[in-house]
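Here's the structure, in structure tokens; my notes come after.
Below, each value reflects all heavy atoms present in this structure, side chains not excepted, and no hydrogens, waters or symmetry copies.
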Amino acid sequence: RKNNIEAYPAFTAHKLFGQSYNNELLPLAGVANKKIVLCNESGKYSTYKSDEYGFNNPLGTWENLEGDMVLIGDSFVHGSCVDSGHTIADHLRKNNLKIFNLGAGGSGPLLQLAMFNEYATKIKTKKLLWFFYEFDISIDLNDEMMRSRLLPYLHQENYNQNLFNRQNEIDSVLMNYYNRKMNLGNNNTNNFGKNDLLKFAKLSQLRYLINKRFSTNKNIYVFEEIIK
């Protein structure tokens, strides 16, 4: 933004959890048709231009809702810290395949079920690749099961918010959200305060992860329900 480029961080709905977010709309994907900044593991930030629904696909992907394959998953599918043109979806496209990439970094199985209901069901395809790994079930799913906004996707058949037809609302909500966050960041140069020190002293994050690991067996049954 210092170079007058309108750009936004990559988004997943878990960023709104635990915050004073009261909008009836719960976005699942990012801002549409904008430069999205992912992460930096090699000395430079990976970026991409989001598609019409805020996913990491070439613009125009959704003009024709027929495809060879739909990909769902977390950061591996999203393309985190990978240069544009080198994601899993990009490599599959080299085989002349029409790919819809619905990956979202930080998402677990319940968020991914929500994205399936809202977006994947609109696509005509015979192949769906759903990527997951251990922490998606032992950690992310455990957290998502505590979020009342997501539970209707699990307990109500075919539940959706009609997000496919609400992208303008989604863009407005997310741009306002990020603009507020950036303004707060500019006004708080020292973010490591007393609360952070207290959490560190109590080993809160380590205890949090250990407790979640013990819930894995229960979560496996929930995961089986999700992928049925």
Side-chain angles (χ1 to χ4, degrees), residues 5-16 23-38 46-80 82-132 150 152-153 158-178 226-227:
I5 298 174
E6 187 179 8
Y8 294 89
F11 173 81
T12 47
H14 79 278
K15 292 185 177 181
L16 301 176
N23 196 301
E24 61 88 19
L25 176 73
L26 179 65
L28 299 178
V31 181
N33 197 22
K34 299 294 182 185
K35 186 169 187 176
I36 305 299
V37 181
L38 282 165
S46 56
T47 64
Y48 64 89
K49 182 73 172 288
S50 61
D51 68 16
E52 299 90 330
Y53 289 96
F55 293 103
N56 188 2
N57 292 296
L59 276 175
T61 295
W62 296 86
E63 291 178 0
N64 180 350
L65 293 178
E66 294 185 3
D68 294 297
M69 196 177 298
V70 175
L71 309 184
I72 291 180
D74 60 7
S75 56
F76 296 106
V77 181
H78 191 174
S80 292
V82 175
D83 289 337
S84 181
H86 295 279
T87 67
I88 294 173
D90 290 325
H91 285 294
L92 289 170
R93 291 186 183 109
K94 293 176 182 178
N95 296 306
N96 199 30
L97 297 175
K98 173 75 176 290
I99 305 296
F100 287 84
N101 180 6
L102 306 186
S107 65
L110 190 48
L111 268 174
Q112 292 159 13
L113 173 64
M115 284 183 278
F116 175 85
N117 283 9
E118 299 284 356
Y119 298 100
T121 55
K122 309 296 183 183
I123 302 166
K124 296 178 181 178
T125 183
K126 294 182 179 180
K127 295 181 181 179
L128 168 70
L129 293 186
W130 195 324
F131 295 73
F132 65 93
L150 292 177
Y153 288 103
N158 300 323
Y159 173 82
N160 71 81
Q161 306 174 71
N162 192 30
L163 297 184
F164 192 77
N165 296 309
R166 303 176 70 181
Q167 189 61 41
N168 288 338
E169 293 178 66
I170 294 169
D171 289 344
S172 177
V173 166
L174 291 182
M175 286 189 281
N176 288 334
Y177 165 77
Y178 280 124
I226 288 173
I227 62 175

Shortest non-hydrogen separation from [X] to [Y] and the atoms involved:
X: Ser46; Y: Val82; answer: CB-O, 3.5 Å
X: Ala13; Y: Leu111; answer: CB-CD2, 3.6 Å
X: Lys127; Y: Asp68; answer: CB-O, 3.5 Å
X: Asp171; Y: Val31; answer: OD1-CA, 3.5 Å
X: Ile170; Y: Gly30; answer: CG2-O, 4.2 Å
X: Leu25; Y: Asn23; answer: N-OD1, 2.8 Å

In this structure, are over 12 heavy atoms from other groups packed under 6.0 Å from [X] atom [atom1]?
X: Phe132; atom1: CZ; value: no
X: Asn95; atom1: CG; value: yes
X: Lys124; atom1: NZ; value: no

Separation of [Y] [atom2] from [X] [atom1] (nearest 0.5 Å):
X: Leu150; Y: Leu110; atom1: CG; atom2: CG; value: 5.0 Å
X: Leu97; Y: His91; atom1: CG; atom2: NE2; value: 13.5 Å
X: Leu129; Y: Met69; atom1: CG; atom2: CE; value: 5.0 Å
X: Thr47; Y: Lys35; atom1: OG1; atom2: NZ; value: 4.5 Å
X: Thr121; Y: Glu118; atom1: OG1; atom2: CD; value: 7.5 Å

Under the side chain to side chain donor-acceptor pair (under 3.5 Å) definition, can you give me all pairs with a residue in residues 97-114, not counting sequence neighbours?
Ser107-Gln112, Gln112-Trp130
Got [X] and [Y] here, is their nearest side-chain heavy-atom distance under 4.5 Å?
X: Asn56; Y: Ile36; result: no
X: Asn162; Y: Asn160; result: yes
X: Val77; Y: Ile72; result: no

Given the rule in the side-chain contact (heavy atoms from CB on, under 4.5 Å) test, do Tyr8 and Tyr178 qualify, once you have shown the distances and angles that lead to the verdict?
CA-CA 7 Å; Tyr8 294 89; Tyr178 280 124; 3.9 Å; yes
Just to verify, what does Glu24 make a salt bridge (Lys or Arg N to Asp or Glu O under 4.0 Å) with, not counting sequence neighbours?
Arg166
All ring-ring contact (aromatic ring centres under 6.0 Å, His included) counterparts of [X], not counting sequence neighbours:
X: Tyr48; value: His78
X: Phe116; value: none
X: Tyr159; value: Tyr153

As a quick check of understanding, evaluate side-chain contact (heavy atoms from CB on, under 4.5 Å) for Leu26 and Leu163, giving each step before the final call.
CA-CA 9 Å; Leu26 179 65; Leu163 297 184; over 6 Å; no
Derivation and outcome, side-chain contact (heavy atoms from CB on, under 4.5 Å), residues Glu52 and Gln167
CA-CA 8 Å; Glu52 299 90 330; Gln167 189 61 41; over 6 Å; no
Restricting to side chain to side chain contact (heavy atoms under 4.5 Å, CB included), what partner residues turn up for Asp51, sequence neighbours left out?
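Checked Asp51 against side chain to side chain contact (heavy atoms under 4.5 Å, CB included); matches are Tyr53, Phe55, Asn57, Trp62.
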Given the rule in the side-chain contact (heavy atoms from CB on, under 4.5 Å) test, do Leu174 and Phe11 qualify, once you have shown the distances and angles that lead to the verdict?
CA-CA 9 Å; Leu174 291 182; Phe11 173 81; 3.7 Å; yes
Side chain of Ser172, backbone of Asn168: donor and acceptor closer than 3.5 Å?
no
